[in-house]
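Encoded as structure tokens, the structure appears first; notes follow it.
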Amino acid sequence: MKKSNTPKTDNAKLRDLEKNREYSDGQYITTDHGVKINNDHNSLKAGERGPSLLEDFIMREKITHFDHERIPERIVHARGSGAHGYFESYGNVSDYTKAAFLNNTATKTPVFVRFSTVAGFRGSTDLARDVRGFAIKFYTQEGVFDMVGNNIPVFFIQDAMKFPDLIHAVKPEPHNEIPQAASAHDTFWDFISLMPESMHMVMWAMSDRAIPRSYRMMEGFGIHTFRFINAEGKSTFVKFHLKPKLGTHAVVWDEALKISGNDPDFHRRDLWDNIEMGNFPEWEFGVQLVAEEDEHKFNFDILDPTKLIPEELVPVTPIGKLVLNRNPDNFFAETEQVAFHPGHIVPGIDFSNDPLLQGRLFSYTDTQLSRLGSPNFHEIPINRTIAPMHNNQRDGHMRQEINVGRVSYSPNSLNDGYPAQAKEAEGGFVSHYERIEAHKVRERSESFSDHFSQAALFFNSQTEPEQNHIIKALRFELSKVETVAIRERMLGLLSNVSAELATKVASGLGIAVPKQPQKPMNHGIGADADPKKHEPKPIDTSYKNSDALSMVKNPTTTNSIETRQVAFLCADGVSEKSLNALKKALESKGAAAKIVGPHAGSITGDAGTEIKVDFAFFSSSSVLFDAVFVPAAKDNSQLTENDNVIEFINDAYRHCKVIGFDNGLNDLIKATTIGNKWNDGKDNSLPGIIINNGNAKSFTDDFTTQMGRHRIWEREPKISE
Ligand code: HDE
């Protein structure tokens with residue numbers, strides 16, 4: 001029998017997960033109860049051709065287990081991918097929080113992160129237009145802290161009471177379960193058109209933030225205002241931010257649609273492959289801090305989750321870094337069974353009274369009871385704390401812990417009073433001492449009534465291409481809505497954000513913007529509430545612009561092309577010199593060349609080298625790459641006469657990607673959409689189209705610099721009025 005090979009990773013050591021791992025290499029197959037199996041291919045029968053026998057405990061066990069393999073998928077965020085990593089503190093927040101993991105620079109805190117979409121089922125495409133979940137489990141020495149956030153800093157609704165309505169509206173419609181993982185349908189926009197409070201989030205959801213290039217290139221936000229509590233018990237309001245080292249990037253909508261067909265696992269694969277290659281995704285973890293006495297100094301309420309605090313007003317202070325460096329061993333055991341909860345906090349962090357957050361504090365444990373099936377879900381290895389855990393909770397389905405002794409109550413004398421309570425000084429959690437004197441009311445605060453100022457701030461802060469994408473997304477979504485009254489109501493609401501936005505969306509829908517701006521319906525108020533009190537406030541224009549809201553203008557955007565993938569469209573007899581020159585230049589900047597050839601296997605270069613083909617023309621597409629290069633070959637007809645190659649280049653052009661050609665490929669260029677604008681390459685001035693005229697250095701420099709612009713937006717056609 002072969003010895004089994006059991007590698008022990010850093011994270012596993014830290015979390016002592018090794019005892020839960022099963023390595024079957026070199027082992028016999030057994031039943032669940034350890035009996036070695038002699039024949040795993042045939043059931044027990046009365047004679048070779050006879051009926052099966054009930055006594056076949058081996059087959060019964062195997063099939064029973066199979067029959068029960070599925071658990072309910074998450075009601076929201078069902079589609080997701082996770083990875084292990086660590087958080088490392090910069091040690092600069094002790095004035096604000098006593099949370100040990102945020103102050104201790106000597107110890108790395110293990111983390112598990114799960115990214116997700118919201119609306120789609122577990123098997124839906126990664127590239128749906130949707131918010132992305134960004135949930136982090138910090139396994140700290142003082143217990144588990146979960147930051148259960150999104151890649152968008154605000155939310156659709158202000159009160160948890162509306163969440164089931166929002167989700168019912170966005171999910172596939174109940175009568176025919178259509179459409180999958182898409183908000184472009186009547187029920188979603190019906191609800192939104194009656195909920196002016198959603199307008200800020202709608203701007204983000206219709207922007208390219210909702211179609212990220214990669215999970216590795218997304219910002220993350222805790223959304224709600226939380227509290228930091230320092231060693232003296234002083235509280236400071238805090239918002240959590242994650243800024244990706246590679247910058248925040250997106251694909252374009254036509255690309256997203258095509259990726260969904262070409263590779264529905266695009267984000268999952270990208271995360272997995274990059275971690276396997278050692279390109280560990282990294283974020284800077286930062287905080288916006290607001291002193292208690294400044295709570296009311298903004299023209300919005302910091303408890304309102306449809307508002308962000310512009311970074312120009314309160315800058316984000318980096319307090320540590322988050323790195324993902326290990327893929328899960330088993331998707332179900334880890335990514336599927338991980339149970340996040342915004343209510344998992346540690347001393348030094350506390351809640352604010354944001355009514356959406358307050359509702360979430362109930363929901364997440366409740367959902368695990370039906371999803372994971374037992375109050376013992378904290379014992380599943382991925383959910384276990386690394387801090388010592390002792391209490392009097394007992395029993396329940398699938399209990400793993402073997403509690404020793406006769407005492408399971410407190411106070412007790414039979415176990416000397418243990419487990420004992422911890423004083424605050426000993427690390428005991430004490431809720432923030434907050435004075436509350438109020439009437440019991442079912443009401444929305446008047447301070448939550450400004451629904452349009454930040455929607456306008458977001459729209460106005462975008463570059464022209466980014467604004468155009470929002471307009472086009474709204475045209476796309478609303479054109480799929482069949483009920484004309486819903487379209488009109490939406491135009492009315494949009495006109496409260498920007499007249500230009502509403503008019504341009506309207507022209508795509510072939511209707512006019514209603515004359516009166518939309519007066520909000522009976523939203524967010526009860527049957528007997530006074531509508532005047534809740535009338536939306538007019539736009540406050542005191543914040544004109546926030547560059548941090550635009551992906552293009554964002555101060556953290558870099559021109560790095562690290563981990564980007566360039567498709568090299570190569571025919572047999574490809575110029576090795578030219579191929580190798582650009583490949584080397586890309587690799588020196590951390591990007592990668594992928595050979596796309598006329599067939600799978602390999603091709604032969606012009607100097608006789610066998611070159612491995614990564615993808616064939618017929619099984620790949622330019623939407624899966626960041627840029628395209630076509631090196632010349634001895635005979636270019638394998639390129640010029642291939643429809644897949646032409647489409648590859650046309651899409652790369654349409655999606656504003658950099659395209660490089662070796663000299664001598666004029667016939668190919670003419671066969672593409674570039675051909676019309678090409679003028680036989682005489683002026684060589686089409687933006688982002690780079691011709692290799694033989695000076696390898698100038699070509700590779702130009703190519704990599706242009707790629708650093710990410711998209712050549714000036715190629716994008718003007719939006720129709
Ligand atoms: Fe969630 N949400 N949510 N949510 N949420 C869940 O928990 C819920 C909200 C978010 O990768 C569920 O374990 C309510 C805001 C993420 O496993 C459920 C309300 C934000 C994830 C639930 C909200 C989120 C979830 C489904 C309104 C951004 C995936 C299964 C009060 C800050 C975590 C589960 C993962 C998952 C309820 C609103 C983020 C049903 C009731 C706002 C990233 O408990």
Side-chain angles (χ1 to χ4, degrees), residues 71-84 111-122 126 130-137 144 146-171 195 197-198 200-201 204-205 209-210 215 218-226 238-242 267-268 271 303-308 324 328 331-345 351-373 377-378 380 382-383:
I71 62 169
E73 65 174 35
R74 288 167 175 80
I75 168 74
V76 282
H77 297 266
R79 169 79 185 171
S81 299
H84 295 269
V111 300
F112 186 77
V113 173
R114 183 173 178 272
F115 304 106
S116 49
T117 51
V118 178
F121 294 180
R122 202 183 130 182
D126 282 344
D130 202 350
V131 186
R132 297 300 183 286
F134 194 139
I136 312 170
K137 194 174 274 299
V144 169
D146 287 344
M147 197 210 81
V148 200
N150 282 343
N151 75 329
I152 290 179
V154 289
F155 203 63
F156 287 106
I157 49 168
Q158 295 174 323
D159 192 303
M161 193 80 164
K162 297 315 295 167
F163 192 65
D165 301 284
L166 168 72
I167 299 306
H168 287 171
V170 71
K171 283 269 177 180
M195 293 288 288
E197 71 199 54
S198 66
H200 184 198
M201 175 76 164
W204 285 81
R209 297 270 182 162
Y215 289 141
M218 299 191 316
E219 283 186 274
F221 303 93
I223 302 188
H224 315 282
T225 299
F226 286 82
V238 59
K239 289 221 184 242
F240 297 117
H241 291 251
L242 289 132
H267 286 151
R268 177 175 287 187
L271 181 67
L303 299 185
D304 172 356
T306 66
K307 305 296 181 296
L308 51 83
L324 298 181
F331 186 92
F332 179 83
E334 302 179 80
T335 311
E336 194 58 20
Q337 292 201 108
V338 65
F340 294 97
H341 183 4
H344 291 161
I345 54 171
F351 313 119
S352 74
N353 296 331
D354 171 342
L356 190 66
L357 172 61
Q358 293 280 321
R360 294 179 74 199
L361 299 180
F362 162 71
S363 177
Y364 288 69
T365 308
D366 186 46
T367 207
Q368 307 314 341
L369 295 179
S370 67
R371 196 170 74 80
L372 298 171
F377 63 85
H378 63 281
I380 297 172
I382 194 68
N383 294 325

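Atoms considered below: every heavy atom in the structure, side chains included; atoms not considered: hydrogens, waters and symmetry mates. Every number for a ligand or one of its atoms is a count from 1 in the order of the listing. Numbers here are sequence positions counted from 1.
Atom numbering of ligand 1 starts at 1 in the shown order; those under 4.0 Å from a heavy atom of F340 are 11 (O), 17 (O), 33 (C), 35 (C). The ligand atoms of ligand 1 that sit less than 4.0 angstrom from a heavy atom of A160 are 31 (C). Those atoms of ligand 1 that come under 4.0 Å of a heavy atom in G133, given as number and element, are 43 (C).
The existence of a salt bridge linking K162 and D165 is confirmed by a sub-4.0 Å separation between a basic side-chain nitrogen and an acidic carboxylate oxygen.
With G149, P72, S116 as candidates, the residue nearest to atom 43 (C) of ligand 1 on a non-hydrogen basis is G149. Nearest-heavy-atom check against atom 17 (O) of ligand 1 across R74, E336, M161, E73 picks out R74.
Side chains of F163 and V76 form a contact here, defined as non-hydrogen atoms less than 4.5 Å apart.
For atom 34 (C) of ligand 1, the nearest protein heavy atom (residue, atom name, distance) is T367 CG2, 3.4 Å. Nearest protein heavy-atom contact of atom 28 (C) of ligand 1 is N150 ND2, 3.2 Å. Atom 35 (C) of ligand 1 has as its closest protein heavy atom R114 NH1, 3.1 Å. Looking from atom 10 (C) of ligand 1 to the surrounding protein, the closest heavy atom is H77 NE2, 3.2 Å. Summary of contacts: the protein heavy atom closest to atom 4 (N) of ligand 1 is Y364 OH, 2.8 Å. For atom 44 (O) of ligand 1, the nearest protein heavy atom (residue, atom name, distance) is S363 OG, 3.1 Å. Among protein heavy atoms, the minimum distance from atom 24 (C) of ligand 1 is reached at R360 NH2, 3.1 Å. Of all protein heavy atoms, the one closest to atom 8 (C) of ligand 1 is F163 CE2, 3.2 Å.
Within the structure, ligand 1 has Q368 among the residues with a heavy atom less than 4.0 angstrom away.
The nearest pair of heavy atoms linking D159 to L356 is C-CD1, 3.9 Å. Nearest heavy-atom pair, H267 versus R132, reported as atom, atom and distance to 0.1 Å: CE1-NH2, 4.0 Å.
Residue contacts with ligand 1 for I223 involve side-chain atoms from C-beta outward but no N, CA, C or O (heavy atoms, distance under 4.0 Å). In L356, the parts holding a heavy atom less than 4.0 Å from any atom of ligand 1 are both the side chain and the backbone.
With F340 as the aromatic partner, K137 meets the cation-pi criteria of under 6.0 angstrom to the ring centre and within 45 degrees of the ring axis.
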Verdict with reasoning, V118 to V170, per side-chain contact (heavy atoms from CB on, under 4.5 Å): CA-CA 9 Å; V118 178; V170 71; 5.7 Å; no
Derivation of the side-chain contact (heavy atoms from CB on, under 4.5 Å) call for M195 and L166: CA-CA 10 Å; M195 293 288 288; L166 168 72; over 6 Å; no
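Relative ring orientation between F134 and F115 is described as perpendicular, the plane-to-plane angle rising above 60° on a 0-90° scale split at 30° and 60°. By the 30° and 60° cut-offs, the orientation of the rings of F240 relative to F226 is tilted.
Of the candidates E219, R209, H77, N150 forms a side-chain contact (heavy atoms from CB on, under 4.5 Å) with just one, namely H77.
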